[in-house]
Visitor: 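Sending over a structure as C-alpha cells; questions will come in a sec.
We number each residue from 1, following the sequence as shown.
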Amino acid sequence: MGSRAQVDILRQLAVLGPSTISQLQEVVQIGRSSLNRHLDGLASAGLVETDPPEGLRHGKDVTYAVRTRRIRDLALAYLEYIEGR
C-alpha cells in the first residue's frame, strides 16, 4: 500500500464490493490508466483478486475484489513488528 491512491482504492473496494474499473472510476478520482496501474500493483501484492484471473481475460470485463483476510494478516504482522514481537 505504497500510496494514498492505493489505500483509497482498497477502501472503495471494501465499501462497494467487487467492482470493475469503470465502477471504481466513478468514485476514485484518478485517471483510468493510473487506476489500472494501481490495481495491477495491488493484485501483484496479493491485496486484490481478479475475476477472471490474469491470462484468462480475453476481452472480458475484469472484476476486482479486496482480499480482506490478506490485508488483516499484513496489518497484524506489521503491528507485531512495531511492538517488537
Visitor: For the residue pair Ile30 and Ala5, what are the closest heavy atoms and their distance?
Guide: CD1-CB, 4.4 Å
Visitor: Within the 4.5 Å heavy-atom criterion, are Val15 and Val27 side-chain neighbours or not?
Guide: no
Visitor: Quick check for you: to the nearest 0.5 Å, what is the distance between Asp51 atom CG and Asp61 atom CG?
Guide: 11.0 Å
Visitor: Testing the basics here: between Gly31 and Gln25, what is the closest heavy-atom pair and its distance to 0.1 Å?
Guide: C-NE2, 4.0 Å
Visitor: Shortest non-hydrogen contact from Val48 to Tyr64?
Guide: CG2-CD2, 4.3 Å
Visitor: List the atom of Leu24, the atom of Leu35, and the distance in Å for their closest heavy-atom pair.
Guide: CB-CD2, 3.9 Å
Visitor: Are any non-hydrogen side-chain atoms of Thr50 and Leu39 less than 4.5 angstrom apart?
Guide: no
Visitor: Starting at CZ of Arg70, measure out to CG of Leu42 and round the result to the nearest 0.5 Å.
Guide: 11.5 Å
Visitor: Keeping the roles fixed (side chain from Arg67, backbone from Gly46), state whether a donor-acceptor pair exists under 3.5 Å.
Guide: yes
Visitor: Kindly write out the residues that satisfy salt bridge (charged side-chain N to carboxylate O under 4.0 Å, His left out) with Arg69, not counting sequence neighbours, or none if the list is empty.
Guide: none
Visitor: My understanding is that only residues two or more places apart in sequence, or in another chain, count here; which of them pass side-chain hydrogen bond (donor to acceptor under 3.5 Å, both in side chains) with Gln12?
Guide: none
Visitor: Do Leu16 and Gln23 have side chains that get closer than 4.5 Å, going by heavy atoms?
Guide: no
Visitor: CG/Leu76 to CD1/Ile71 distance, rounded to the nearest 0.5 angstrom?
Guide: 12.0 Å
